[in-house]
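These notes are about the structure you will find just below.
Fair warning: this is a prediction, and the values are worked out from it, not measured in the lab. The analysis underlying the following values was restricted to heavy atoms, covering all of them including side chains, and did not include hydrogens, waters or symmetry mates. As the structure lists them, so they are numbered: ligands from 1, and atoms in each ligand from 1.
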Amino acid sequence: MQKKIAVIRGDGIGPEIVNEALKVLDVIAKKYGHTFTYDDVDMGGNAIDKWGEPLPQAMLDKCVNSDSVLLGAVGGPKWNSVPGDKRPEKGLLKLRAGMGVYSNNRPAKIWPQLADASPLKPEIVEKGIDFIIVRELIGGVYFGKHETNVVNGEKVATDIMNYSESEIERIGRIGFETAQKRNHKLCSVEKSNVLDTSRLWNATMHRLAKEYPDVELTDMLVDNCAMQIVKNPAQFDVIVTENMFGDILSDEASMITGSIGMIPSSSLGKTSCGLYEPIHGSAPDIAGQDIANPIGTILSAAMMLRYSFDMAKEADDIENAVSKVLDKGYRCGDIMPAHNADKCTKVGCSKMGELIRQELI
Ligand code: NAD
């Protein structure tokens, strides 16, 4: 099969981790007789430096016209003083909106080998952590009007959050369908005791529930959900929530599985052209040192093969290779266990990529 992949290396650790993922894809291509071609796309701080904006239209066009997009991460302190509408992260929002990828799937699953790396007590981890957060990606407050005005002599900032019934319905359906493929339990997370958007969210989810009688729908307020994720994560199968709540809860969920560096994500809309990226940011504090964990990005490439290219066997192969490397005790710094560290071997970003590739050959 021939596939054209738009590649956004981005800023900070982005180029390092994407490099390892591409080398893994090259091994898969050779092994299974596929041809993957890579089309480099400038986005984020590097695009601001080069083009004066975080995602020029020509770059977005490259993404939309590809078979899928692989992204590292964007942003960093160098661009913190850039005006809000020109910040690196604006490129990311423009990309998601331009590709129409409204559904972001973020698995929170603990690898058994990394149980020691979870900050939770062993008795909580032993009950199992395996759930998916389905996050709405192109609506809500991140896409509302943002402004700062001077009122009565002081600055007042405003961010508008709105959701239409149809926006809620299309992500709600992804939530129900995801639960149907898993353990048939869907938890809808909102803040309906305060927000109108959440009350509409809640009413829409319950209307949809009648069409999915095989799925058990529960509601949870987002503040309670933040607590339940650390208290009893085993209760969750699929969580569906709006953009900002999903952003925050998925970072929390990633930490209980060991490290943010391990978690991949897929973002899909109406077509098979998806956006695949690790859930972490550009980690400027460790950039350029060859110590970032590339596994979240490598697993994002595996998700691309599975969901956009229908290459389940190839995706399984990558996930098994990661598992074997963890079995052998190799760890990047972020997943080194607090106890029994002497049983593990600490490796850097490029070495971790090389070890995973060796398991694939
Ligand atoms: P971050 O996710 O970049 O880093 C948080 C912490 O996790 C840091 O200590 C970092 O070293 C560590 N970390 C992250 N990824 C890691 C990896 N693969 N291996 C090992 N450790 C890892 O979040 P932040 O520091 O809040 O943000 C840094 C920049 O990234 C900001 O400019 C932010 O806006 C941007 N950001 C971008 C994205 C994206 O591109 N999708 C997402 C989140 C944040």
Side-chain angles (χ1 to χ4, degrees), residues 7-21 41-49 54-55 59 63 69-82 84-97 99 101 104-106 114 117 119 133 135 137-138 142 243-244 246-267 274-301 303 322 326 330-336 346-353 356:
V7 176
I8 306 173
R9 297 167 199 269
D11 309 311
I13 59 169
E16 302 166 45
I17 52 179
V18 167
N19 198 24
E20 296 312 313
V41 169
D42 302 325
M43 188 180 93
N46 63 88
I48 295 172
D49 291 350
L55 182 65
M59 296 292 158
C63 295
V69 181
L70 182 68
L71 162 67
V74 297
K78 183 180 174 194
W79 303 280
N80 277 355
S81 54
V82 172
D85 62 331
K86 291 265 188 254
R87 281 184 63 101
E89 296 78 4
K90 273 283 169 190
L92 191 55
L93 298 185
K94 184 175 169 187
L95 175 69
R96 291 168 177 168
M99 291 181 70
V101 286
N104 181 222
N105 294 336
R106 299 184 158 195
L114 298 186
I133 297 183
R135 166 190 171 196
L137 201 59
I138 54 175
Y142 291 1
N243 201 344
M244 183 168 64
D247 190 7
I248 297 166
L249 292 177
S250 58
D251 269 28
E252 186 194 10
S254 73
M255 266 325 292
I256 65 168
T257 66
S259 168
I260 197 166
M262 291 294 297
I263 312 286
S265 82
S266 68
S267 302
L275 171 62
Y276 296 85
E277 55 178 317
I279 75 161
H280 57 75
S282 58
D285 53 334
I286 57 168
Q289 300 171 42
D290 193 29
I291 57 172
N293 185 347
I295 295 180
T297 316
I298 290 170
L299 294 174
S300 299
M303 280 183 119
V322 169
L326 295 177
Y330 292 108
R331 304 282 188 270
C332 287
D334 60 317
I335 50 172
M336 279 296 280
K346 191 169 166 182
V347 295
C349 181
S350 49
K351 183 68 186 174
M352 180 56 86
I356 293 168

Which atoms from ligand 1 have a heavy atom of Ala73 less than 4.0 Å away? 40 (O)
Is the closest protein non-hydrogen atom to atom 19 (N) of ligand 1 under 4.0 Å? yes
Lys94 atom NZ, neighbour heavy-atom count above 12 within 6.0 Å: yes
Considering Ile17, Ile260, Ile13 one by one, which has a heavy atom nearer to atom 12 (C) of ligand 1 than any of the others? Ile260
Which atom names give the shortest non-hydrogen contact between Val101 and Ile138, and what distance separates them? O-CG2, 3.5 Å
Give the residue, atom name and distance (to 0.1 Å) of the protein heavy atom nearest atom 21 (N) of ligand 1. Ile286 CD1, 3.6 Å
Any side-chain heavy atom of Met43 within less than 4.5 Å of one from Met59? no
Check Asp11 with Lys78, please: is the shortest side-chain N to carboxylate O separation under 4.0 Å? no
Would you say the side chain of Leu70 lies within less than 4.5 Å of the side chain of Met303, judging by non-hydrogen atoms? no
Just let me know how Val74 lines up against ligand 1, side chain, backbone, both or neither, with a heavy-atom cut-off below 4.0 Å. both
Who gets closest to atom 28 (C) of ligand 1 by heavy atom: Cys349, Gly14, Cys332, Pro284? Pro284
Please step through side-chain contact (heavy atoms from CB on, under 4.5 Å) for the pair Arg9 and Asp42, ending with a clear verdict. CA-CA 8 Å; Arg9 297 167 199 269; Asp42 302 325; over 6 Å; no
Where the closest heavy atom to atom 4 (O) of ligand 1 is concerned, which of Ala283, Gly12, Pro294 has it? Ala283
Walk me through whether Asn104 and Ser250 qualify under side-chain contact (heavy atoms from CB on, under 4.5 Å). CA-CA 11 Å; Asn104 181 222; Ser250 58; 5.8 Å; no
What protein heavy atom is closest to atom 15 (N) of ligand 1, reported as residue, atom name and distance in Å? His280 CG, 3.1 Å
Provide the number and element of each atom of ligand 1 under 4.0 Å from a heavy atom of Gly281. 1 (P), 2 (O), 3 (O), 30 (O), 36 (N), 37 (C), 38 (C), 42 (C), 43 (C), 44 (C)
Shortest heavy-atom approach to atom 8 (C) of ligand 1 - which of Asp285, Asp251, Ile8, Leu95: Asp285
In terms of residue, atom name and distance, what is the protein heavy atom nearest to atom 29 (C) of ligand 1? Ser282 OG, 3.3 Å
Heavy atom of protein inside 4.0 Å of atom 44 (C) of ligand 1, strictly below: yes
With a cut-off of 4.0 Å, which atoms of ligand 1 are near a heavy atom of Gly75? 32 (O)
How does Asn293 reach ligand 1, by side chain, by backbone, by both or by neither, if only non-hydrogen atoms under 4.0 Å count? both
Please tell me if atom 37 (C) of ligand 1 is touched by the protein, where touching means a protein heavy-atom distance below 4.0 Å. yes
Should you measure from each heavy atom of Leu92, which atoms of ligand 1 turn up under 4.0 Å away? 39 (C), 40 (O), 41 (N)
Between Gln289 and Asp285 the two heavy atoms that sit nearest each other are NE2-O, 3.2 Å
Is any heavy atom of the protein nearer than 4.0 Å to atom 24 (P) of ligand 1? no
Start with the C-alpha gap between Asp290 and Ser350, add the side-chain angles, then the distance that decides, and say whether side chain to side chain donor-acceptor pair (under 3.5 Å) holds. CA-CA 7 Å; Asp290 193 29; Ser350 49; 2.8 Å; yes
Would one find an N or O of Arg87, backbone or side chain, under 3.5 Å from an N or O of ligand 1? no
For the side chain of Ser282 and the backbone of Gly75, is there at least one donor-acceptor N/O pair under 3.5 Å apart? yes
Check ligand 1 against Glu277 and write out every atom of the ligand that is under 4.0 Å from a heavy-atom position of the residue. 41 (N)
Looking only at distances, please establish whether an N/O atom of ligand 1 is found under 3.5 Å from an N/O atom of Glu89. yes
Could you tell me which non-hydrogen atom of Gly353 sits nearest to which non-hydrogen atom of Glu20, and how far apart they are? CA-OE1, 3.4 Å
One finds that the ligand 1 atoms under 4.0 Å from a non-hydrogen atom of Gly261 are 17 (C), 18 (N)
For Ile17 and Glu277: C-alpha separation, side-chain torsions, deciding distance, then whether side-chain contact (heavy atoms from CB on, under 4.5 Å) applies. CA-CA 10 Å; Ile17 52 179; Glu277 55 178 317; over 6 Å; no
Please state whether Gly76 comes within less than 4.0 angstrom of ligand 1, counting heavy atoms only. yes
Interatomic distance, Met244 atom CE to Tyr142 atom OH [nearest 0.5 angstrom]: 6.0 Å
Would His280 and Ile263 count as a side-chain contact (heavy atoms from CB on, under 4.5 Å) if you check the C-alpha gap in whole Å, the side-chain angles of each, and the deciding distance to 0.1 Å? CA-CA 8 Å; His280 57 75; Ile263 312 286; over 6 Å; no
Which bit of Leu71 is near ligand 1, meaning a heavy atom under 4.0 Å away: side chain, backbone, both or neither? neither
